[in-house]
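FYI, side chains are in, hydrogens and waters are out, and symmetry mates aren't considered; it's all heavy atoms of this structure.
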Amino acid sequence: MIEAGTQSVLHLHEAAMNGDRVRREVLHGLQLPAKELPCKLFYDERGSDLFEQICDLDEYYLTRTEIALLERHGAEIAALIGPQALLIELGSGNSRKTRVLLDRLAEPAAYLPIDLAREQLLRSAAAVASSHPRLEVHPLVADYTQTFSLPEISAAFARRVGFFPGSTIGNFLPEQAVSFLGRLRELLGPGGALLIGVDLKKDPQVLDRAYNDQAGVTAQFNLNILAHINHRFGSDFHLEQFAHQAHYNRRLGRIEMHLISREDQQVHFDSLSIPLRAGERILTEVSYKYSRGQFGRIARRAGLEVGRVWTDPQRWFSLQWLTAG
Ligand code: AVI
């Protein structure tokens, strides 16, 4: 337990992390004919900080649109959640959106944010704990894309409610999204519900701008994945030998983010020497943009029922209330 403020206490939980599995994932991705890296590796300390900067960019409409939806419909959302909820946030980041939500909830029983970036998780959990002194806060360091179990908490709660904002669900392939949401439904249990942010299809120019910002923050964020991998696994990617590229693939309905090798080069990872040709790409992230109908089908296949859906006047982004049926 960690003292977070005058009266509040944080209960830190750490899931056993299999560092070797991540190493194997990276190695596997770099040996594919079309190379790829797992996008969860964006989020070391610097990556999390860069992502926060992205969220404040003019071009990146997602964050401000979702926060405006939470503010505008907070009372209705709070009524759907009801009193004494255990709020479980997946990929909590700086918990900015959570605070908008928590401020509107009737006596939430406890808050359980889950994130891989330990330091940022602790900082934001401590901030929530000190602004909500009567709330039990249980940060869990875990990779929520893998199987994990929830820690025991002492507070009595009426139901588990998941909060998965930011359209991070778009970073999963559709089939993975179905199985991830299915696992989440099981974790939330009977009476459980999920409040999820889902980015919607729109003019591709708006999308291309959001992932190719003028200030180049997204480019730094993309390149930082290589710095993180070097630091964590001792590889020798030279960041200046790669260029950021992001574009909207209309056929697949997704943004694809790549790093492009500027020249022929060799990268060393473990005992392997991996060749990269000039112009060769490494896929670092996909970000699906769904129609309401498409996402509804994904949710239903995961055994979830779509209840209320809130969107902004331009219908760029949605907040969706899903129940376990
Ligand atoms: C976290 N995720 C929803 C972001 C997105 O928009 O797909 C990550 C991101 N990548 C580039 N900019 C932001």
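- Between Leu195 and Leu101, the closest heavy-atom pair is CD2-CD2, 4.1 Å.
- Among all heavy-atom pairs drawn from Ile298 and Pro174, the shortest one is CD1-CB, 4.1 Å.
- The distance from the CZ atom of Arg308 to the CD atom of Glu76 is 4.0 Å, given to the nearest 0.5 Å.
- Taking all atoms of both residues into account, the shortest heavy-atom contact from Arg315 to Leu200 is O-CD1, 3.6 Å.
- A salt bridge is absent between Arg64 and Glu71: the closest approach of a Lys/Arg side-chain nitrogen to an acidic carboxylate oxygen does not fall below 4.0 angstrom.
- A salt bridge between Glu66 and Arg96 is absent, with no side-chain N of the basic residue lying under 4.0 Å from a carboxylate O of the acidic one.
- Hydrophobic clustering of Ile, Leu, Val, Met, Phe, Trp and Tyr side chains at less than 4.5 Å, counting indirect connections, keeps Ile260 apart from Leu30.
- Between Gln241 and Leu276 there is no side-chain heavy-atom pair separated by less than 4.5 Å.
- Under the 4.5 Å side-chain heavy-atom criterion for grouping Ile, Leu, Val, Met, Phe, Trp and Tyr, Leu173 is connected to Leu181 within one hydrophobic cluster.
- A donor-acceptor contact closer than 3.5 angstrom links the side chains of Glu136 and His138.
- For the residue pair Arg292 / Gln320, no side-chain donor-acceptor distance below 3.5 Å is found, with atom types taken as modelled.
- When all heavy atoms are compared, the tightest approach of Ile153 to Ala110 is CD1-CB, 3.7 Å.
- Residues Leu239 and Leu41 share a single hydrophobic cluster, defined by chaining ILVMFWY side chains whose heavy atoms lie under 4.5 Å apart.
- In summary, the aromatic rings of Phe269 and Phe233 are positioned with their centroids under 6.0 Å apart.
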ask   = Going through the checks in order, is the side-chain contact (heavy atoms from CB on, under 4.5 Å) test met by Tyr43 and Phe221?
value = CA-CA 9 Å; Tyr43 304 95; Phe221 173 73; 3.6 Å; yes
key: salt bridge (charged side-chain N to carboxylate O under 4.0 Å, His left out) between Glu25 and Lys40, worked out   = CA-CA 11 Å; Glu25 270 179 72; Lys40 64 185 169 199; 3.1 Å; yes
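- Side-chain atoms of Asn212 come within 3.5 Å of backbone atoms of Ala246 as a donor-acceptor pair (strictly under, hydrogens ignored).
- Aromatic ring pairs are classed by plane angle as parallel below 30°, tilted from 30° to 60° and perpendicular above 60°; the pair Tyr60 and Tyr211 is perpendicular.
- Put simply, the side chain of Val286 does not reach to within 4.5 Å of the side chain of Asn249, judged on heavy atoms.
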key: Residues Arg185, Glu305; criterion salt bridge (charged side-chain N to carboxylate O under 4.0 Å, His left out); working and verdict   = CA-CA 11 Å; Arg185 178 177 56 80; Glu305 206 168 281; over 6 Å; no
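- Considering only heavy atoms from C-beta on, Asp20 comes within 4.5 Å of Arg23 through its side chain.
- By the 4.5 Å heavy-atom criterion applied to side chains, Asp208 and Ile255 are counted as neighbours.
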task = Give the C-alpha distance, both sets of side-chain angles, the deciding distance and a yes or no for side-chain contact (heavy atoms from CB on, under 4.5 Å) between Leu184 and Leu304.
result = CA-CA 10 Å; Leu184 204 51; Leu304 292 161; over 6 Å; no
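- Remark: the backbone N or O of Gln214 is paired with a side-chain donor or acceptor of Glu59 at under 3.5 angstrom.
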Full working for salt bridge (charged side-chain N to carboxylate O under 4.0 Å, His left out) between Arg72 and Asp312 = CA-CA 10 Å; Arg72 182 144 188 215; Asp312 54 292; over 6 Å; no
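- Between Asp44 and Arg232 no salt bridge is recorded (no basic side-chain N to carboxylate O distance below 4.0 Å).
- Connection of Phe148 to Ile88 is established within a shared hydrophobic cluster, with ILVMFWY side chains joined at heavy-atom distances below 4.5 Å, either directly or through further cluster members.
- Using cut-offs of 30° and 60° on the angle between ring planes, the pair His247 and His258 is parallel.
- Of the possible polar contacts, none joining the Thr284 side chain to the Leu37 backbone as a donor-acceptor pair under 3.5 Å is found.
- Without hydrogens or angle criteria, Arg183 side chain to Thr145 main chain gives a donor-acceptor distance under 3.5 Å.
- A 4.5 Å side-chain heavy-atom check between Ile225 and Phe237 finds every atom pair outside the cut-off.
- The nearest pair of heavy atoms linking Pro151 to His13 is CB-ND1, 3.3 Å.
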Salt bridge (charged side-chain N to carboxylate O under 4.0 Å, His left out) between Arg118 and Glu14, intermediate numbers included = CA-CA 9 Å; Arg118 189 177 189 279; Glu14 304 209 40; 2.9 Å; yes
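- Between Ser261 and Glu280, the side chains place no donor N or O within less than 3.5 Å of an acceptor N or O (distance only, hydrogens not considered).
- Checked by atom type, the side-chain pair Asp203/Tyr248 shows no donor-acceptor distance below 3.5 Å.
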request  = Could you walk me through whether Leu90 and Thr168 pass the side-chain contact (heavy atoms from CB on, under 4.5 Å) test, one step at a time?
outcome  = CA-CA 9 Å; Leu90 299 122; Thr168 303; over 6 Å; no
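- In plain terms, the two heavy atoms of Arg21 and Gln146 that are nearest each other are NH2-CG, 3.0 Å.
- Side-chain polar atoms of Gln120 and Glu52 form a donor-acceptor pair below 3.5 angstrom.
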